[in-house]
Number of protein chains: 2
Amino acid sequence: MKAVTVYDIAKEANVSVATVSRVLNNTAPVKKETKERILELINKYQFQPNALARSLIKKETGMIGIILPDITNPFFPEVLSGFDQQARNYGYTFFLCDTMSANIDTADQYVRESEYLNVLTEKQVDGIVMLGGRIDLAKPGSELVSEVLEVSKRLPVLLINGNLPGSFYRVAMDERLGAELAARHLIELGHRDIAIVGGYRTLRNTIQRTASFTKTMEQYGLKVRKEWVLGEGFSVRNGEDCIRQLLEMPQRPTAVLCMNDLVAIGVLKGATKAGLKVPEDLSIVGYDDIPFASHCVPELTSVSLKVNELGQKAAEILHKLITRSKVPKTTLLEPELIIRESTCAFRK
Amino acid sequence: MKAVTVYDIAKEANVSVATVSRVLNNTAPVKKETKERILELINKYQFQPNALARSLIKKETGMIGIILPDITNPFFPEVLSGFDQQARNYGYTFFLCDTMSANIDTADQYVRESEYLNVLTEKQVDGIVMLGGRIDLAKPGSELVSEVLEVSKRLPVLLINGNLPGSFYRVAMDERLGAELAARHLIELGHRDIAIVGGYRTLRNTIQRTASFTKTMEQYGLKVRKEWVLGEGFSVRNGEDCIRQLLEMPQRPTAVLCMNDLVAIGVLKGATKAGLKVPEDLSIVGYDDIPFASHCVPELTSVSLKVNELGQKAAEILHKLITRSKVPKTTLLEPELIIRESTCAFRK
DNA sequence: TGGTTTTATGAAAGCGGTTACGGTTTACGA
DNA sequence: TCGTAAACCGTAACCGCTTTCATAAAACCA
């Protein structure tokens, strides 16, 4: 069944394709009865203009690409949801590009990001959002970075929570503030012995949070023990590993700051299994405030990134970039500490 | 900065665009040295063929649309992940179309599905997957159904877990088997008083599971109390509501089958808060086996839909449809009961 | 060696829209 | 009544690629 085109409509309406196009786009005045005749035919044949042809000449597609490492991590759907809410208002549709589904190693993931960058530009997307993944870890001058830089010359690229300030447009959370809020909260509850677990020691957010947390502690005259800063990863499993290690130490912390909620859940799980009561024996602060944070037992105190808002903001900024509005290189959002049940005052 | 085109390459290589196209697609023999010269230029200018132009004439885009209600529900990312793993092998990129982000009411959602159907066909996607949402609830003959039917005349449409067998291609879990497995498990643990909570009474999966569960019970000479079949929804909140209601009844069940894991988590949460021990005082079986099911305390016994596999299968089938291979109208996958810690033998 | 196939390439016609340009009408004010 | 601006509409070029058709040269075969 061949699809109907503007030519079919034009012929049957006894007008030129130009006129059809004009009523389609409301781009020039058309006589009322002509317009109605055309509209009727459009309706009759359920005519749908071919977006490819239109985009080809208009040089805009209304398509955006989002590259992220793993849609299975609940953090990302939340960002996506916010992004979608906002992007929809601008009429964008987006490609979801998952670079990690199916547990592949990071080298492969590097290739994936690169591949997607290619596919997306070939498909002529209006803009690209990169979220997490290798680009967050990449060093200035690395191959991936220069590739992204190259792409961003051709079309808007926005990093969410990305690294390398200055080189790229990015929207991110104020990591320092988040860690500071967590630190203040625990310190004010009377905790002195606090561990920091999870994350990657080479990742910007982990570094910044750790630094800020330490700094805040120091402002209160407290120290963070080196051996209590541990973990390499963002998974539940990682949290379980960490708490096991911590509980084996001669000196145990009374509170733990986790680099994300999955890790926090792991810690919670591990601690509970080891017979500890949370929060009485151990206070836990998560990070990200994913939806499940409020569904744990006990409900998790967590630094809320207002992730949804992050997504919304990203869509807003990307749209500005696409429409060539002035946009600051970096936009920071303020996190908020959501105090729930997994933290309480330290009791001797 | 204007993008480089086949013409630019052709001119500089002293050949026609046809030849460039031929080396690009390996579609006809080209003299070796000519080919090399062209390849070099392609590399030199980082030439990327415009996919729009190509798709316009080839009548295939390598793009797929996935319409789902709420990416924030962890069930969907898991399907997506599986879908992606497989779709990638075929070279597809996909649009994520969320019809519910931002908590809108269902009427609005109806419009969204319809809108996306339009947008996707205009963008000339090669196929569409519909997953959950209104189409699952729609009655034969309803406006949405006839619309989807109309679309599916033009391009392959695949329903995951969809309703209306016969009318559409669909891949789904064997709901009857899942409920049967859960029933058997609980019955063999000695439970006699079992509640069924969550879901929507008008939804196929809820109906089928309830029927199958009831039937299995009857095979053992047991009955399901009417007042213990309750709940309208798939949220944690809904689970909490249900368990509260159940605990207020004079007769309490000793086990609960939940229509998904979110509901199960709600039940777990509510029961724990009410001072019950899970599983000693109450056995809970979830449904879906989302990743978090294994992260709860206690870890959740759940009917595993092997959701990832569902996604993979969907991609496989959609690809077959796109390439016009023979495909059965309905494909059923077998669920599996994952026994963890939230169920145990009934003790008087 | 002459005929046939295969290789190698270009010219040009699309794919399905949008839009610049130009030519008629019609409307309107003086 | 006439001049000018606005309304209305068609022709044709163009977006960037693929593909058919035709042609010429090279390779193969008897």
Side-chain angles (χ1 to χ4, degrees), chain A residues 1-39 41-42 45-63 118-119 121-126 154-155, chain B residues 1-39 41-42 45-63 118-119 121-126 154-155:
Chain A
M1 186 172 62
K2 272 195 56 57
V4 0
T5 72
V6 276
Y7 287 90
D8 303 323
I9 303 287
K11 185 187 281 182
E12 190 160 340
N14 274 315
V15 296
S16 74
V17 288
T19 304
V20 176
S21 176
R22 283 193 265 261
V23 337
L24 236 34
N25 302 287
N26 248 320
T27 176
V30 173
K31 206 207 284 181
K32 197 174 167 215
E33 56 181 71
T34 314
K35 186 184 225 165
E36 277 170 3
R37 190 151 31 101
I38 293 175
L39 250 20
L41 288 170
I42 287 178
Y45 291 113
Q46 292 287 331
F47 168 68
Q48 294 178 301
N50 184 320
L52 297 177
R54 171 178 289 174
S55 297
L56 184 55
I57 193 161
K58 285 248 213 165
K59 291 180 176 324
E60 62 177 53
T61 56
M63 309 188 305
N118 252 290
V119 170
T121 52
E122 282 188 4
K123 292 211 188 305
Q124 314 295 120
V125 293
D126 290 340
R154 306 178 164 275
L155 51 89
Chain B
M1 188 171 63
K2 274 196 59 58
V4 0
T5 72
V6 276
Y7 285 92
D8 303 323
I9 303 287
K11 184 187 282 182
E12 191 159 340
N14 274 316
V15 295
S16 75
V17 290
T19 305
V20 176
S21 176
R22 283 192 265 259
V23 337
L24 236 34
N25 301 288
N26 248 322
T27 175
V30 173
K31 206 206 284 179
K32 196 174 168 216
E33 54 181 72
T34 313
K35 186 183 223 164
E36 276 170 3
R37 190 150 32 99
I38 292 174
L39 250 19
L41 289 170
I42 287 177
Y45 291 113
Q46 292 287 327
F47 167 70
Q48 294 177 300
N50 184 321
L52 297 177
R54 170 178 290 175
S55 296
L56 184 55
I57 193 163
K58 285 248 211 161
K59 289 177 177 328
E60 62 176 53
T61 56
M63 308 188 305
N118 252 290
V119 170
T121 52
E122 284 188 2
K123 292 211 189 304
Q124 314 295 120
V125 293
D126 290 339
R154 307 178 162 275
L155 52 89

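Chain A is the first sequence line, chain B the second, and so forth, proteins listed ahead of strands; every chain is numbered from 1.
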| request: Would you mind classifying the nucleic acid contact of Thr34(A) as base, sugar-phosphate or nothing, using non-hydrogen atoms under 4.0 angstrom? | output: sugar-phosphate

Between [Y] and [X], is there a side-chain heavy-atom distance shorter than 4.5 Å?
{"X": "Asn26(B)", "Y": "Lys35(B)", "value": "yes"}
{"X": "Val6(B)", "Y": "Ile9(B)", "value": "no"}
{"X": "Thr5(B)", "Y": "Asn50(B)", "value": "no"}
{"X": "Gln48(B)", "Y": "Asn118(A)", "value": "yes"}
{"X": "Phe47(B)", "Y": "Asp8(B)", "value": "no"}

| Helix axis bend for the helix from dT1(C)-dA30(D) to dA30(C)-dT1(D) - C1'-based end axes, five pairs, 10° rounding | 30°

Within this structure, what is the [atom1]-to-[atom2] distance between [X] and [N], rounded to whole angstrom?
{"X": "Asn50(B)", "N": "dC14(D)", "atom1": "CG", "atom2": "P", "answer": "18 Å"}
{"X": "Asn26(A)", "N": "dT19(C)", "atom1": "CG", "atom2": "P", "answer": "13 Å"}
{"X": "Lys31(A)", "N": "dT26(C)", "atom1": "NZ", "atom2": "P", "answer": "8 Å"}
{"X": "Ile57(A)", "N": "dC15(C)", "atom1": "CD1", "atom2": "C1'", "answer": "13 Å"}
{"X": "Asn25(A)", "N": "dG16(C)", "atom1": "CG", "atom2": "C1'", "answer": "13 Å"}
{"X": "Tyr7(B)", "N": "dG16(D)", "atom1": "OH", "atom2": "C1'", "answer": "7 Å"}
{"X": "Asp8(A)", "N": "dC15(C)", "atom1": "CG", "atom2": "P", "answer": "11 Å"}
{"X": "Ile38(B)", "N": "dC17(D)", "atom1": "CD1", "atom2": "P", "answer": "13 Å"}

| query | Closer to the 5' end of DNA chain C via nearest nucleotide, is it Val4(A) or Val30(B)? | reply | Val30(B)

| request: Would you please confirm or rule out a distance under 4.0 Å between OP1 or OP2 of dT18(C) and any side-chain N or O of Lys59(A)? | output: no

For [X] and [Y], indicate whether the former's side chain and the latter's backbone hold a donor-acceptor pair under 3.5 Å.
{"X": "Arg37(A)", "Y": "Ala13(A)", "answer": "yes"}
{"X": "Ser55(A)", "Y": "Ala51(A)", "answer": "yes"}
{"X": "Lys123(A)", "Y": "Thr61(B)", "answer": "yes"}

| request: For DNA chain C, determine which residues of residues 9-24 of chain A have any heavy atom closer than 4.0 angstrom to one of its atoms, and list them numerically. | output: Ala18(A), Ser21(A)

| Residue pair Tyr7(A), Val20(A): steps toward the side chain to side chain contact (heavy atoms under 4.5 Å, CB included) verdict | CA-CA 8 Å; Tyr7(A) 287 90; Val20(A) 176; over 6 Å; no

